[in-house]
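A, B, ... follow the sequence lines: proteins, then strands. Residue 1 opens every chain.
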Amino acid sequence: MAAILALSYFHYAGSVDTTRRTISAKTSQNHYLTTKQTAPKSALFSRKKLKLPNASTREEAILLRLKSGFTEDALHLFENMNTRDPSVWNVVIRGLTTNGYFQHALEVYYRMRSEGIRADNYTYPFVIKACAGSFSLVEGQKVHSRLIKVGFDLDIYVCNSLVAMYAKLGLIGLAERVFEEQPVRDLVSWNSMIRGFVSVGEGWNALLCFREMQEVGLRPDRFSIISILGACSLECLLRYGKEIHVQVIRSRFELDVMVQTSLVDMYGKCGRVDYAETLFERIYQKNIVLWNAMIAGYSRNGKPVESFACLKKMQEEDKLNPDIITAINFLPSCAQIGALLQGKTIHGFALRKGFLPHLVLETALVDMYGKCGEQKLARKVFSNMSERNLVSWNAMIAAYVQNGHNREALELFEELWKEPLNPDATTITSILPAYAEVALLRESTQIHGYVAKLNLSSSTFISNSIVYMYAKCGDLQTARGIFDGMVYKDVISWNTIIMAYAIHGFGANSVKLFSEMKEEGIKPNASTFVSLLLSCSASGMIDEGWEYFTSMEKDYGIYPGIEHYGCMVDILGRSGNLDLAKRFVSEMPLVPTARIWGSLLAASRHHRNIEIAEHAAKHITSLGHDNTGCYVLLSNMYAEAGRWGDVERIKFQMAKEGLEKSPGCSTVENNNKIYKFINLDKSHMNTDMIYDVLSIMSRKIGEDIYINSVSKLRPLDVIRKRSTSPEFHSVRLAICFGLIQVSLGSPVFVRKNVRICEACHSAAKKIAENTGREIVVGDQKMYHHFRNGRCSCGDYW
DNA sequence: TTAGGGTTAG
C-alpha cells in the first residue's frame with residue numbers, strides 16, 4: 001500500500017522542464033560534472049525585470065545582481081563600464097564562480113590579464129574554484145604556476161583553495177603537498193585536507209588528519225564534524241561515529257541540520273538504520289537531503305518497504321518533491337523486491353522531469369532492470385547512455401549474468417577492454433560466474449591470470465569464484481590447488497570445494513572435506529548440505545545421504561529447503577526404489593518444483609519405469625517451464641519400449657509448443673583451440689583418421705559397425721537412420737579426435753551440450769579401458785571421469 | 001570583498 005501511494009507523486013509530478021539544461025551545456029560538456037552547477041540561480045540570458053535595492057556605485061550594482069542570480073544583467077553592466085577597477089573584475093569572477101559559471105569565470109580571468117589588470121589574492125581563490133568546478137586540471141596547474149610566479153602561493157586563502165581543488169580533481173597527493181608546504185594552516189586548511197581524504201575514499205587518512213588537527217590545538221567545527229562522519233562511514237567505524245555523535249550532543253552543532261544529516265547517513269552506512277531512524281524522527285525540520293539520506297539508509301540495509309513508506313511520508317507530511325537523488329536512492333529498493341512497475345514509474349518520472357541523461361541515475365536504472373529480470377530494458381538504458389563509467393559497465397555485465405545471459409556478459413566484457421577503463425574487483429566478481437557457466441578452460445585460465453595481475457587473488461570472495469570456475473571447466477586439480485593455497489577460507493570456500501568434487505562424482509572426497517571443515521571450526525550452512533547431498537547422489541552414497549539429510553535439522557538446526565529435497569529425490573531414485581521416491585515427493589512439506597519432478601523423471605528413465613515417468617512428466621508440463629528436456633527423455637523411453645505412436649505424439653506436442661530438440665554437440669580443447677563435433681560430423685580436416693580410429697575402437701569394444709569413412713554419398717534414409725544411432729554420436733568422434741591429438745599422459749577432455757547417452761557412456765568406459773587413457777566427459781549435469789573401464793558417476797547420472 | 005559543507009549507482 002505504501003509503495004503504491006509513494007508512487008503517486010512519480011505519476012503526476014508535472015511535465016518535462018526544458019529550460020534547466022541551457023547553462024550546463026555551455027559550462028561543460030560533461031553532464032555529470034555539471035549536476036552541481038546546473039540549476040543556477042538564474043538563466044544566464046534571462047531578461048527578467050529587476051527589483052533590487054538601490055546601489056550607490058556601478059560596482060555595487062553588479063555585486064547585487066550577481067548575488068541575486070541576475071548574472072546576465074550583471075555582465076551587461078560590467079561590459080558597459082568605461083573604466084574598471086581591479087575590484088570589479090574580482091566581483092564578476094567571484095559572482096560567476098559562485099553561480100556555477102566556471103568556464104565564464106575563467107574567461108573573465110584571462111580577459112582581465114590580457115587587459116593588464118593584476119589578479120590578486122582575492123582573485124585567485126575564485127579562479128582556483130572555477131578550475132575545480134570545471135574539472136580542468138590543465139587550467140588549475142596553469143593558474144598554480146602563475147600564482148607561484150607572482151608570489152601568491154604563500155597566501156592562506158590561496159593555499160586552502162588549492163588543497164580543495166586538487167582534492168576535488170582526485171589528486172590527493174598534490175593536495176597533501178600544498179597542505180604540507182603551506183607556511184600557516186588554519187581550521188579551513190585542516191578541514192579542506194580532511195574533506196579531501198574523504199572525497200577520495202581515504203577514510204583512515206582523514207581520521208589521522210582529524211586527530212592531528214586536534215593535537216595542534218584546533219577545535220573541530222561543523223565542517224570538520226561533517227567530514228569526519230563521512231570518514232566513519234567509509235571505514236564503517238560505528239563506535240567512532242557514536243563518539244562523534246556524543247561530541248555533537250555536547251556541542252553547539254546538535255541542531256545543525258547538515259550535521260544531523262551526516263549522522264543519519266553515517267548510521268545508515270554503518271549498518272545501524274535503527275539508530276538513523278531514531279535520530280531522524282527527532283529532527284523537527286526535515287529537508288529533502290535528510291529525507292534522501294533516510295531513504296538511502298533503508299535501501300542499503302535491506303528495508304525496501306520502509307524505504308517506500310519513507311518516500312510517501314516525505315511527500316505527504318513535508319510536501320516535498322522527489323529529486324534526482326531521491327530517485328537514485330529509491331531504485332535499489334525496487335531492485336531488492338523486484339518491483340518492476342515501481343522502477344519503471346521512476347524511470348518515466350525521471351524522463352518527464354528532465355533528470356535524464358544522468359550517469360548515476362541511468363546506472364541505477366540498469367541495475368534495477370537487471371535485478372528485476374529485465375536485462376533487455378537494462379541494455380536499452382545502457383546503450384542510450386551518452387556517458388558511461390566503470391560502474392555502468394559493471395552494472396550491465398551483472399545484469400546479464402544475473403539473468404543467465406552468460407555469452408552476452410562475456411561479449412560485453414570483451415568490449416570493455418576496448419574502452420579506456422580498467423576492470424576492477426567488482427567487474428571480476430560479476431564476470432567469474434559467467435566463465436564458470438560457459439566453462440571454457442582456456443578463457444578461464446586467462447581471466448585467472450588477470451585476477452593475479454590485479455592482485456585480487458587474496459580476496460576470499462574472488463578465489464571462491466575461481467575455484468568453482470575451474471571445477472566447472474573440468475580442471476578439478478587446479479581448483480583444489482587454489483583452494484589449498486587460500487589463506488583465509490570461509491564457509492563458502494568449503495562449500496565450493498565440496499561442490500567441486502560433487503560435480504566430478506568424487507563423493508568420498510566431499511565427505512572427507514566436510515569432516516576437515518568441521519575440524520577447522522567452520523559451521524556448515526544450508527548450502528554446505530546441498531553440496532554434500534549432491535556428492536552423495538553423484539557417488540551413489542545412499543545411506544550417507546539419508547544420514548546427512550536427517551542430521552541437518554537434528555544436529556545443525558537447518559531446515560531442509562527445496563534444493564535439499566531435490567537431492568534426496570536423486571538419491572532415492574538412484575537406489576532404484578522408485579515408489580519410495582514417488583511417495584517422498586508427494587509427502588514432502590514443500591511444493592515440488594519442476595526440478596524435483598525432473599529428478600523423478602530421470603530416475604524413472606534410468607530404471608525404465610514408464611508409468612512413474614509419465615506421472616512426473618505430467619507434473620512438469622503442467623508447471624509451464626521449458627519442457628524440451630522432459631519431452632526428449634520421455635520420447636526416448638517410448639522409443640526404447642517400441643511405443644512409436646507415443647513417440648510421434650510427443651513429437652507433435654513439441655512442434656505444437658514450438659520446441660526443438662537441441663542437436664547434440666561435443667567439443668575438445670587442444671593447444672588452446674576448440675574443436676567442435678556434431679553427430680555424424682565429417683567436416684573436420686582429419687575426418688578419415690577420426691573415423692578409422694572410431695572403427696578400430698568400435699571393433700575393440702565389441703560394437704561391430706560398418707564405417708566407410710570416405711564414402712560421402714549415401715542414401716538419405718541410411719543417413720537418417722545413422723543419425724539416431726549412437727555409434728556416430730558427437731561425443732565418440734570427439735573422443736577419437738582427442739585420442740589422436742592429445743599427448744599421451746594427459747586425459748582426453750570432452751564437453752557435451754546435453755547429457756551423455758547410455759550407449760556412449762558404456763562405450764567411453766570400454767575405450768578408456770582398452771586404450772589405458774583417462775577420458776573426461778563433461779555433460780549438462782556433471783563430469784564423468786572414465787578410467788580403467790569405470791566411471792566416477794558409478795553409472796548413474 | 002577572498003577559502004572548506006550534508007544525500008548519488010555494483
(message) Over all strands shown, is A:D85 touching base, sugar-phosphate only, or nothing at heavy-atom distances under 4.0 angstrom?
(response) nothing

(request) Output the single nucleotide from B:dT7, B:dA3, B:dG4 whose closest atom is nearest the side chain of A:L187. (result) B:dG4

(request) Write down the distance between CG (A:L154) and P (B:dA3), rounded to a whole number of angstrom. (result) 19 Å

(message) Treating A:S307 as the side-chain partner and A:K303 as the backbone partner, does any N or O pair qualify as donor plus acceptor under 3.5 Å?
(response) no

(request) Answer yes or no: side-chain N or O of A:S192 and base N or O of B:dG4 forming a donor-acceptor pair under 3.5 Å. (result) no

(request) Name the nucleic acid region contacted by A:R300, choosing base, sugar-phosphate or nothing; use a 4.0 angstrom heavy-atom cut-off, strictly under. (result) sugar-phosphate

(message) Looking only at the side chain of A:A164 (C-beta and beyond, no hydrogens), which of the listed nucleotides B:dA9, B:dG4, B:dT1 gets closest?
(response) B:dG4

(request) Assign the ring pair A:Y400 / A:H405 to parallel, tilted or perpendicular, where the plane angle (0 to 90°) is split at 30° and 60°. (result) tilted

(message) Side chain of A:V257 only, heavy atoms from C-beta on: which candidate in B:dT2, B:dG6, B:dG4 is closest?
(response) B:dG6

(message) In this structure, how many angstroms lie between the C1' atom of B:dT8 and the CE atom of A:M266, rounded?
(response) 19 Å

(message) I'd like to check, for A:Y122, whether its ring lies over the base of B:dT2 with centroids under 5.5 Å apart and a plane angle smaller than 30°.
(response) no

(request) Between B:dT7, B:dA9, B:dG4, spot the one nearest the side chain of A:K269, thanks. (result) B:dT7

(message) Side-chain N or O of A:K129 versus OP1/OP2 of B:dG4: is the shortest distance under 4.0 Å?
(response) yes

(message) Please classify the nucleic acid contact of A:I328 as base, sugar-phosphate, or nothing, using heavy-atom distances under 4.0 Å.
(response) base

(request) State which of B:dA3, B:dT7, B:dA9 makes the closest approach to the side chain of A:V391. (result) B:dA9

(message) Any N or O donor-acceptor pair under 3.5 Å from the base of B:dA9 to the side chain of A:N389?
(response) yes

(message) Taking donor-acceptor contacts at under 3.5 Å, does the side chain of A:D221 reach the base of B:dG4?
(response) yes

(message) Can you tell me which nucleotide in B:dT2, B:dG4, B:dG6 comes closest to the side chain of A:N287?
(response) B:dG6

(request) Could you work out which one of B:dT8, B:dA3, B:dG4 sits closest to the side chain of A:F126? (result) B:dA3

(request) Tell me what A:D186 touches on the nucleic acid: a base, only sugar-phosphate, or nothing, going by heavy atoms under 4.0 Å. (result) base

(message) To the closest 0.5 Å, what do you measure between CZ (A:F210) and SG (A:C232)?
(response) 8.5 Å

(message) Between A:E59 and A:S87, is there a side-chain donor-acceptor contact under 3.5 Å, judged purely by atom types and distance?
(response) yes

(message) Using a heavy-atom cut-off of 4.0 Å across all strands, would you classify A:T426 as base, sugar-phosphate, or nothing?
(response) base

(message) Using a 4.0 Å heavy-atom cut-off, does A:R94 contact any base of the nucleic acid, only the sugar-phosphate backbone, or nothing at all?
(response) sugar-phosphate

(request) Take atom CG of A:L63 and atom P of B:dT1, then tell me their distance rounded to the nearest Å. (result) 11 Å

(request) To the nearest Å, give me how far apart CZ (A:F179) and C1' (B:dA3) are. (result) 14 Å

(request) Please state how far atom CZ in A:R185 lies from atom P in B:dA3, giving the value in whole angstrom units. (result) 21 Å

(request) Choose from B:dT8, B:dT2, B:dG6 the nucleotide whose nearest atom is closest to any side-chain atom of A:Y157. (result) B:dT2

(message) Distance check needed: B:dA3 C1' versus A:M193 CE, whole Å only.
(response) 15 Å

(request) Using whole Å, report how far CD1 of A:I225 lies from P of B:dG4. (result) 19 Å

(message) Tell me whether A:D256 is salt-bridged to A:R222, with the criterion being a basic N under 4.0 Å from an acidic carboxylate O.
(response) yes

(message) What's the closest nucleotide to the side chain of A:N121 if the choices are B:dT2, B:dA9, B:dT7?
(response) B:dT2

(message) Looking only at the side chain of A:R195 (C-beta and beyond, no hydrogens), which of the listed nucleotides B:dA3, B:dG4, B:dT8 gets closest?
(response) B:dG4

(request) Using whole Å, report how far CG of A:L263 lies from C1' of B:dT7. (result) 14 Å

(message) Looking only at the aromatic ring of each residue, does the gap between the centers of A:Y275 and A:H245 stay below 6.0 angstrom?
(response) no

(message) Less than 3.5 Å apart, any donor N or O on the side chain of A:S262 or A:D265 sitting next to an acceptor on the other?
(response) no

